[in-house]
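Comments concern the structure below.
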Amino acid sequence: MFQGLTGWHLLVVLAVILLLFGAAKLPALAKSMGQSARVFKSEMKEMKRDDEVAAQSSEAPRPTDSGTATTAAPEPRRSTDPTV
């Protein structure tokens with residue numbers, strides 16, 4: 001699909017982007033994309049950590065009282081969203 005693309009194609013695409021957004025808006029666009037990437041990475045780390053904690057808690061043997069198993073209520077999930 002992209003086999004025939006050369007450096008000139010990239011220059012034309014960059015020129016079109018510059019014309020569409022203007023030179024003044026490009027730094028703000030790059031900054032917002034960087035912030036979005038950081039938020040995405042932090043959410044992925046949080047989800048991975050939550051999965052590891054859940055896996056560790058499911059592997060741990062549950063205590064029993066005279067043959068009856070006790071169940072604990074699950075902990076509420078913390079949100080990292082500052083608007084909540």
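Linking ILVMFWY residues whenever their side-chain heavy atoms come closer than 4.5 Å, directly or via other members, leaves Val12 and Leu19 in distinct clusters.
When all heavy atoms of Ser32 and Leu29 are compared, the pair lying nearest together is OG-O, 2.9 Å. Residues Ala55 and Ser58 share a closest heavy-atom pair of O-OG, 2.9 Å.
How far CD of Gln35 is from NZ of Lys31: 5.5 Å, rounded to the nearest 0.5 Å. To the nearest 0.5 angstrom, Glu43 atom CD is 9.5 Å from Asp50 atom CG. Distance CG/Leu11 to OG1/Thr6: 8.5 Å, rounded to 0.5 Å.
A salt bridge links Glu46 to Arg49: at least one charged side-chain nitrogen sits closer than 4.0 Å to a carboxylate oxygen.
If you run side-chain contact (heavy atoms from CB on, under 4.5 Å) between Leu14 and each of Leu18, Val16, Leu10, only Leu10 comes through.
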